[in-house]
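Computed from a predicted model, the values in this text were never measured in an experiment. In what follows, chains carry the letters A, B, and so on, assigned in the order in which the sequence lines appear, proteins first and then strands, with residues in each chain numbered from 1.
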Amino acid sequence: MKDRLRQELEAALRRLLQGFGDEGPVPEFALEVPRNPDHGDFACNAAMLLSKRLGKPPRDLAEALAAELGDAGGLVVAAEVAGPGFLNLRLASDRWQDLLGQILRAGDAFGSGDTLAGRRVQVEFVSANPTGPLTLGHGRQAVIGDCLARLLAAQGAEVVREYYFNNGGRQMRILGESVKARYLEQLGRPAEFPEDGYQGEYIAQIAAALREREGDAWLDEPGDGRFREEAEREIFGWIRRSLDELGIHFDVYFNEHSLYAEGKNDEVLALLRERDLVYDAEGAVWLRATALGLDRDRVLVRGTGEPTYLLPDIAYHREKFGRGFDAIIDVQGADHFAQFPFVQKAVGALGFDADAVELVMHQFVTLTSGGEQVKQSTRKATYVTVDELLGDVGPDVFRFFMIQRKSDGHLDFDLDLAKETDWKKNPAYYVQYAHVRTHGIERKAQEKGLAMPGADDVEASRLELPEEVELLKKLGEFPELVERAAEAREPHHVAFYLRELAGLWNPYVQDGTRHRVLSDDPGLTAARLGLALAVRIVLRRGLALLGLSAPERM
RNA sequence: GGCCCAGUAGCUCAGCUGGAUAGAGCGCCUGCCUCCGGAGCAGGAGGUCGCAGGUUCGAAUCCUGCCUGGGUCACCA
């Protein structure tokens with residue numbers, strides 16, 4: 001409907017321009033739903049954009065545009081010039097109501113688009129190494145990545161969720177040593193805890209479990225290898241369980257080690273060397289990043305012969321391109337932000353489309369309870385884990401709170417509000433409860449022997465109350481919202497939209513005096529049941545995009 | 001110090017990529033209904049959009065410079 005209106009406006013603008021002897025392009029104008037309903041259903045700013053170009057006052061141009069537009073093929077009943085030169089358009093009222101039939105016919109397909117049809121997109125996220133339980137930062141990233149993947153899929157993309165991890169190297173060695181030290185301590189043996197070892201209590205837990213199972217059989221185990229394997233297996237188990245509980249499943253777990261094993265790092269090194277982007281200095285191998293416009297060079301291979309993380313990361317991204325993705329999205333915490341340009345530029349230098357690699361960055365999570373910030377210290381290992389928080393609030397609330405904020409910018413997780421079980425206060429429940437109510441109404445209807453109407457059974461023109469039209473308008477915004485959120489990689493918009501929709505629907509249902517869904521008027525009842533169904537469809541779709549359940553009862 | 005992000009109501013935050021009188025939730029205030037140490041309904045107050053310039057018919061939004069908070073500047077990942 002909006003698209004048709006836009007086409008009509010473009011045509012009218014072209015005629016208008018021709019009238020002035022201007023054969024230039026039609027400007028990119030905005031067509032939006034004004035905040036103030038008095039300003040009509042849609043407002044168009046084209047006249048103001050053309051004012052300078054045509055040397056005419058904007059209001060005069062808007063007047064002329066209105067004349068050219070006419071009734072836009074029966075779409076528009078009123079067009080008035082307002083303010084500095086807006087053209088406010090009011091649609092024939094049944095146009096909004098046609099929307100109801102569209103939603104009911106589309107069902108769960110409503111809100112899906114095809115802007116990414118046929119595109120292969122990879123979303124890489126979480127990617128936590130198995131050195132400890134998932135932190136809230138990881139939790140946020142997990143939810144952002146997963147919601148993003150859902151949004152992209154809703155626009156027709158073929159999405160691969162990927163988890164990149166490294167179970168080798170220095171940090172894993174320290175992990176093994178830490179577990180070993182705790183194990184020995186627990187059995188009363190002298191043990192030297194590594195200087196930068198992992199302090200967390202979970203290390204002792206792993207050691208204790210080991211002692212339980214193996215007794216003192218590992219006392220004389222040489223080195224840290226078996227301890228490391230044990231810790232990795234255990235910790236990865238925790239991570240997988242947390243992700244499972246959040247409803248997040250990866251298509252690919254990519255082990256950094258395979259890049260070494262298959263010689264991919266060496267290949268990249270050779271390719272970069274061919275392009276004179278590599279040099280040797282101070283015993284190390286360097287990336288000539290300054291030649292790529294970055295502010296300093298970086299080490300690719302340490303003096304010890306071991307690559308830094310950067311080399312495999314470049315190789316990894318080369319490998320991603322090799323798999324034919326049209327877009328590669330890396331979701332990362334702000335602490336990794338500075339590294340991204342090196343990977344991106346290096347991949348570009350290898351001949352790949354650097355712009356196809358995108359970064360979705362997110363800031364950290366703080367936890368607030370009782371008006372106080374809960375101290376998070378990785379060092380002292382007093383941080384709250386995803387698991388603990390999930391235990392407190394459950395996956396739905398967890399996800400909703402994590403996706404509620406735009407990913408740039410800090411997220412303050414209000415634990416008290418999250419634990420709040422009153423549906424009116426907790427926004428996650430508020431949205432879910434709105435969905436429940438569509439089922440509550442259906443149950444009521446069934447008691448009266450009424451079935452939910454099909455798309456062709458509703459006389460949508462019966463929905464005349466302002467609050468009903470407002471609901472329909474809000475429902476109509478959904479597809480555009482999904483498209484925009486996917487395009488901008490900003491899943492938080494969905495959460496806000498749902499909160500707003502629920503904020504219209506809940507009071508509508510609650511107010512049983514002004515209007516009742518189930519009345520003595522069969523036609524009106526059918527129309528309102530249709531509205532309930534449409535609201536349900538959109539809420540269910542929106543909740544699914546966020547990975548929340550859409551319960552029928554609460 | 002360089003770079004990145006943020007600064008909007010008492011608090012937590014939106015603000016559809018430059019539009020009209022800047023919004024939501026929580027909190028607060030007032031009335032009504034109940035009068036149970038609770039909850040509901042209706043209404044209300046609350047803003048120099050960090051500061052100062054600039055671009056524009058028009059700026060919370062774009063540009064420049066400052067201020068504040070966080071992040072980051074490893075031969076850690």
With sequence neighbours excluded, tell me which residues meet side-chain contact (heavy atoms from CB on, under 4.5 Å) with [X].
{"X": "Phe364(A)", "value": "Asp335(A), His410(A)"}
{"X": "Thr421(A)", "value": "none"}
{"X": "Lys474(A)", "value": "Glu477(A), Tyr497(A), Glu500(A), Leu501(A), Leu504(A)"}
{"X": "Pro84(A)", "value": "Met48(A), Phe86(A)"}

Taking NZ, NE, NH1 and NH2 as the nitrogens, is one of them in Asp416(A) or Lys425(A) under 4.0 Å from a carboxylate oxygen of the other?
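No.
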Carboxylate-amine/guanidinium contact Asp414(A) Lys419(A), below 4.0 Å:
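Salt bridge: no.
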Please tell me which of the listed nucleotides, [options], lies nearest to the side chain of [X]?
{"X": "Asn166(A)", "options": "rA14(B), rA77(B), rC57(B)", "answer": "rA77(B)"}
{"X": "His492(A)", "options": "rG15(B), rC57(B), rU12(B)", "answer": "rG15(B)"}
{"X": "Glu282(A)", "options": "rG71(B), rC75(B), rA14(B)", "answer": "rC75(B)"}

Would you please name every residue forming a side chain to side chain donor-acceptor pair (under 3.5 Å) with Arg53(A), sequence neighbours left out?
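With sequence neighbours excluded, Arg53(A) shows a side chain to side chain donor-acceptor pair (under 3.5 Å) to Asp22(A), given in chain and number order.
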Asn88(A): side chain to side chain donor-acceptor pair (under 3.5 Å) partners, not counting sequence neighbours:
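In terms of side chain to side chain donor-acceptor pair (under 3.5 Å), with neighbours along the sequence ignored, Asn88(A) is linked to no residue.
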Using only atom types and a distance under 3.5 Å, with no angle test, would you say the side chain of [X] pairs donor to acceptor with the backbone of [Y]?
{"X": "Thr308(A)", "Y": "Val299(A)", "value": "yes"}
{"X": "Asn166(A)", "Y": "Gly168(A)", "value": "yes"}
{"X": "Gln344(A)", "Y": "Val357(A)", "value": "yes"}

Are side-chain N/O atoms of Tyr198(A) and Glu177(A) paired as donor and acceptor at under 3.5 Å?
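Side chains of Tyr198(A) and Glu177(A): no pair found under 3.5 Å.
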All salt bridge (charged side-chain N to carboxylate O under 4.0 Å, His left out) counterparts of Arg298(A), not counting sequence neighbours
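Checked Arg298(A) against salt bridge (charged side-chain N to carboxylate O under 4.0 Å, His left out); zero matches.
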For [N] and [M], measure between their [atom1] atoms and round to the nearest Å.
{"N": "rU21(B)", "M": "rA14(B)", "atom1": "P", "result": "24 Å"}
{"N": "rG27(B)", "M": "rG19(B)", "atom1": "C1'", "result": "32 Å"}
{"N": "rU61(B)", "M": "rG54(B)", "atom1": "P", "result": "14 Å"}
{"N": "rA39(B)", "M": "rU8(B)", "atom1": "C1'", "result": "33 Å"}
{"N": "rU48(B)", "M": "rG10(B)", "atom1": "P", "result": "8 Å"}
{"N": "rG53(B)", "M": "rA59(B)", "atom1": "P", "result": "14 Å"}
{"N": "rG23(B)", "M": "rG46(B)", "atom1": "C1'", "result": "14 Å"}
{"N": "rA52(B)", "M": "rA60(B)", "atom1": "C1'", "result": "16 Å"}

N/O contacts under 3.5 Å, protein versus nucleotides 39-43 of chain B?
| residue | atom | partner | partner atom | Å |
| --- | --- | --- | --- | --- |
| rC41(B) | OP1 | Lys424(A) | NZ | 3.2 |
| rC41(B) | OP1 | Gln510(A) | NE2 | 3.3 |

Rounded to whole Å, please give me the gap between [atom1] in [X] and [atom2] in [N].
{"X": "Glu490(A)", "N": "rG15(B)", "atom1": "CD", "atom2": "C1'", "result": "11 Å"}
{"X": "His138(A)", "N": "rA77(B)", "atom1": "NE2", "atom2": "P", "result": "15 Å"}
{"X": "Asp412(A)", "N": "rG70(B)", "atom1": "CG", "atom2": "C1'", "result": "13 Å"}
{"X": "Asn167(A)", "N": "rA77(B)", "atom1": "CG", "atom2": "C1'", "result": "13 Å"}
{"X": "Phe125(A)", "N": "rA77(B)", "atom1": "CZ", "atom2": "P", "result": "23 Å"}
{"X": "Asp295(A)", "N": "rG1(B)", "atom1": "CG", "atom2": "P", "result": "17 Å"}
{"X": "Phe342(A)", "N": "rU72(B)", "atom1": "CZ", "atom2": "P", "result": "15 Å"}
{"X": "Arg59(A)", "N": "rG19(B)", "atom1": "CZ", "atom2": "C1'", "result": "14 Å"}

When syn is taken as a glycosidic angle within 90 degrees of 0, is rU17(B) syn or anti?
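With its glycosidic angle within 90° of zero, rU17(B) counts as syn.
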Report the base-pairing partner of [N] (Watson-Crick or G-U wobble, both distances below 3.5 angstrom), or none.
{"N": "rG40(B)", "answer": "rC32(B)"}
{"N": "rU21(B)", "answer": "none"}
{"N": "rU72(B)", "answer": "rG2(B)"}
{"N": "rA60(B)", "answer": "none"}

Do the ring planes of Phe236(A) and Tyr253(A) sit parallel (below 30°), tilted (30 to 60°) or perpendicular (above 60°)?
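Ring orientation, 0 to 90° scale: perpendicular.
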Can you say whether the rings of Phe250(A) and Tyr163(A) are parallel (under 30°), tilted (30 to 60°) or perpendicular (over 60°)?
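Because their plane-to-plane angle is over 60°, the rings of Phe250(A) and Tyr163(A) count as perpendicular.
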Check this one for me: any side-chain N or O of His362(A) less than 4.0 Å away from OP1 or OP2 of rG71(B)?
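Checking His362(A) against rG71(B): no side-chain N or O falls below 4.0 Å of OP1 or OP2.
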Suppose the criterion is side-chain hydrogen bond (donor to acceptor under 3.5 Å, both in side chains): which pairs have a residue in residues 482-493 of chain A, not counting sequence neighbours?
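Residue pairs with at least one partner in residues 482-493 of chain A: Glu358(A)-Arg489(A), Glu490(A)-His493(A).
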Which residues in residues 473-489 of chain A have a heavy atom closer than 4.0 Å to any atom of RNA chain B?
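Heavy-atom contacts with RNA chain B come from Arg484(A), Ala488(A).
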Quick test: give all pairs of protein nitrogen or oxygen and nucleotides 4-7 of chain B nitrogen or oxygen below 3.5 Å, distance rounded to 0.1 Å.
| residue | atom | partner | partner atom | Å |
| --- | --- | --- | --- | --- |
| rC5(B) | O2' | Gly409(A) | N | 3.4 |

Could one point to a donor on the side chain of Asp335(A) or the base of rG71(B) with an acceptor on the other under 3.5 Å away?
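No such pair is found, so the answer is no.
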Could you go through nucleotides 20-24 of chain B and list every protein N or O atom that sits under 3.5 Å from one of its N or O atoms, giving the distance for each pair?
| residue | atom | partner | partner atom | Å |
| --- | --- | --- | --- | --- |
| rA20(B) | OP2 | Arg35(A) | NH2 | 2.7 |
| rA20(B) | N6 | Asn88(A) | OD1 | 2.6 |
| rA20(B) | N1 | Asn88(A) | OD1 | 3.2 |
| rA20(B) | N1 | Asn88(A) | ND2 | 3.1 |

Of Lys52(A) and Ala284(A), whose nearest nucleotide on RNA chain B comes first from the 5' end?
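Of the two residues, Lys52(A) wins.
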